[in-house]
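What follows is a set of notes on a single structure, which appears directly below.
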Amino acid sequence: MKFYITTPIYYPNSEPHIGTAYTTIACDVISRFYKQKNYDVFFLTGTDENSNKIIESASKLDKDPKEYVDDMAVLFKTIWKNLDIEYTKFIRTTEDYHIKTAQFVFKKLYDQGYIYKGLYEGWYCIHCETFWPSSKVDESKLCPNIECRRPLNYIKEENYFFKLSAFEDKLLKYYQENPDFVYPDYRFNEVISFTKSGLQDLSVSRKYNNWGIRVPFDENFSIYVWIDALTNYISALGYPFELDLFNKYWEVAHHMVGKDIIRFHAVIWPAILMALNLKLPQKIVVHGWLTYDNQKISKSKGGDIFNLKNIALSNDKIKISAIRYYLLREGSFGQDIPVSLERFKYIYTSELSNNIGNLFSRVLAIIDKKLNKQVFKESDFKYISLSFINEVINNFDKGLSNFNYSKAILEILNLADYLNKVIEENKVWEIKDNKLNQIMYELLYSLIVLNKMMYPFMPFISNSVIEQLNLDQDSLKWDSKVSEIINIKERRILFPKIENVDI
RNA sequence: GGCGGCAUAGCUCAGUGGUUAGAGCAAGGGAAUCAUAAUCCCUGGGUCCGAGGUUCAAAUCCUCGUGCCGCCA
């Protein structure tokens, strides 16, 4: 079994922020989840470096654009590493192999008649490299992008166009035949109604401006960054020059995207793939935005609520684990998610410290102090219901398989609650005779299962647990059996109380 | 304006024709002391947005209204 998951590639014209991290963590969790199930996983992320905005960002720092993107790529990789993001490949769209693929794709589309030269007339934002329809342009004639608002230019010029309009019927047919193509379903409905409303051809070139990928047969133009960016998903797998990885993984592709870029992934990209005669990705997974005060968190707004760079570079692995947990625990995946320090602190204290962390403490402490650090399986389970545990595991699996992260996390809490109840109801602290070993074995067994569930969200914590129990990495796999004798090597507090949230 | 969605406890939500409408959190009371003072139990609390309709039976289906949200390059 195999699985291919991608993040969007990120613009390195600013540093990654908590919203960027949310997307990447969501992919990492899924990737780790499938690895635990012994899937062959390919997890791709990277940077989208061919935008003209790069020139501007670089000049602000008095850097050469190439030097600038090199530095930013290092920063992204460092931050992802510190956040325990375990990607398979990091792609940069200024790399040779990617450029060759993007040009190959462009040429092939042109040769097949899907790209033609035409005349564009209308409003254009040079900074955003975006053509705006008159319906979006108000009297100020400023860029409709609220983060830009620079003056627009009215232009009339030649351009290369992609025949998106030719794919309307084929796309609608595909949507109908693949009702799970876009998740969640309400986003899919939007895609379908957009497509039904009629597709226009898309401008896919820009005047060459000493940066970006040139149109291979016309050096006056560069390839529109979005077209170049989308091809990263296949160039990273070697398409079309070395097809081993491509043949292996492309058919199980899952693109994780924010709701602002659905159209590129669920309409334009599929049309390009159809034009190339390639399979479409298995699923486009659309997440909402992190919000603060009802506004999308972005580099300019609310990024300081959770200062990602500080968090990542702090190397405070417990806090980083907690943030990974917090971001995916909240809300319903797909919807916007309000975040705040108060809420983070609350979740940390009540769920991670008091509930889960304390549960590990109380179980390990008893085994340490009263059973000489060792438990073993003496009989069939008498105190803990294995069918309950199996049901929890099934729900957890179903949740993550469907990108329902919060549901999966609620199953973690469900199991922790159950184990806390078992401890209370049996008053394990009063058990003195040889019954103690069996119940503690059952509890520790259950904690090892719980630890497997925690792993995709908080790999650092789960690794800490298996070190304490002197287990190996394989014990995190779903097909590994819990051994019949377990020793405690050492005890650690998993989530120390935090007095002040300093992020 | 067009298309779609939502409205259920203080909050976040589950509940698509069938007992007295549920969960988590918050609030109030109690128990326990293994544990990071962490946990467990109990209780209160709802005109299921409004009006009308279909039905033996409606939070659930239909119509209208109100309010909020999403998408419309």
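Throughout, protein chains are lettered first and strands after them, A, B, ... in sequence-line order, and every chain is numbered starting at 1.
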**Request:** Could you tell me whether A/Lys377 sits above the aromatic face of A/Tyr445, with NZ or CZ closer than 6.0 angstrom to the six-membered ring centre and within 45 degrees of the axis?
**Result:** no
**Prompt:** Got a sec, which residues hit ring-ring contact (aromatic ring centres under 6.0 Å, His included) with A/Tyr110, two or more places apart in sequence or on another chain?
**Reply:** A/Phe217
Considering only nitrogen or oxygen atoms on both sides, find all protein atoms under 3.5 Å from nucleotides 67-70 of chain B and state each distance.
{"unit_1": "B/rG70", "atom_1": "O2'", "unit_2": "A/Arg187", "atom_2": "NH1", "d": "3.0"}
{"unit_1": "B/rG70", "atom_1": "O2'", "unit_2": "A/Glu190", "atom_2": "OE2", "d": "2.4"}

**Request:** For the pair A/Arg362 and A/Glu424, find out whether any cationic side-chain nitrogen is under 4.0 Å from an anionic carboxylate oxygen.
**Result:** yes
**Asked** Which of residues 197-207 of chain A have a heavy atom under 4.0 Å from RNA chain B?
**Response** A/Gly198, A/Leu199, A/Gln200
**Prompt:** Taking for each residue the nucleotide of RNA chain B bearing the nearest heavy atom, is the 5' side occupied by A/Ile356 or by A/Phe131?
**Reply:** A/Ile356
**Request:** Tell me what A/Leu494 touches on the nucleic acid: a base, only sugar-phosphate, or nothing, going by heavy atoms under 4.0 Å.
**Result:** base
Enumerate all atom pairs, one protein N or O and one N or O from nucleotides 28-35 of chain B, separated by less than 3.5 Å.
{"unit_1": "B/rC34", "atom_1": "O2", "unit_2": "A/Arg362", "atom_2": "NE", "d": "3.2"}
{"unit_1": "B/rC34", "atom_1": "N3", "unit_2": "A/Arg362", "atom_2": "NE", "d": "3.4"}
{"unit_1": "B/rC34", "atom_1": "N3", "unit_2": "A/Arg362", "atom_2": "NH2", "d": "2.5"}
{"unit_1": "B/rC34", "atom_1": "N4", "unit_2": "A/Arg362", "atom_2": "NH2", "d": "3.1"}
{"unit_1": "B/rC34", "atom_1": "N4", "unit_2": "A/Glu424", "atom_2": "OE2", "d": "3.3"}
{"unit_1": "B/rA35", "atom_1": "OP1", "unit_2": "A/Lys369", "atom_2": "NZ", "d": "2.6"}
{"unit_1": "B/rA35", "atom_1": "O2'", "unit_2": "A/Asn358", "atom_2": "OD1", "d": "2.5"}
{"unit_1": "B/rA35", "atom_1": "N3", "unit_2": "A/Asn358", "atom_2": "ND2", "d": "3.2"}
{"unit_1": "B/rA35", "atom_1": "N3", "unit_2": "A/Arg362", "atom_2": "NE", "d": "3.2"}

Give me the distances for all protein-to-nucleotides 22-26 of chain B N/O pairs that come in under 3.5 Å?
{"unit_1": "B/rC25", "atom_1": "O3'", "unit_2": "A/Tyr346", "atom_2": "OH", "d": "2.7"}
{"unit_1": "B/rC25", "atom_1": "O2'", "unit_2": "A/Tyr346", "atom_2": "OH", "d": "3.4"}

**Prompt:** Rounded to whole angstroms, how far apart are CD1 on A/Ile261 and P on B/rC71?
**Reply:** 14 Å
**Asked** When every nucleotide of nucleotides 7-13 of chain B is labelled 5' to 3' by its protein contacts under 4.0 Å (heavy atoms), B for base, S for sugar-phosphate only, - for none, what sequence of letters results?
**Response** -------
Which nucleotide, if any, forms a Watson-Crick or G-U wobble pair with [N], using both distances under 3.5 Å?
{"N": "B/rG17", "answer": "none"}
{"N": "B/rG24", "answer": "B/rC11"}
{"N": "B/rU63", "answer": "B/rA51"}

**Asked** Within the side chain of A/Thr130, is there an N or O that forms a donor-acceptor pair under 3.5 Å with the backbone of A/Cys125?
**Response** no
**Message:** Can you check the distance between B/rA37 and B/rU12, where both ends of the measurement are the P atom (answer in whole Å)?
**Reply:** 32 Å
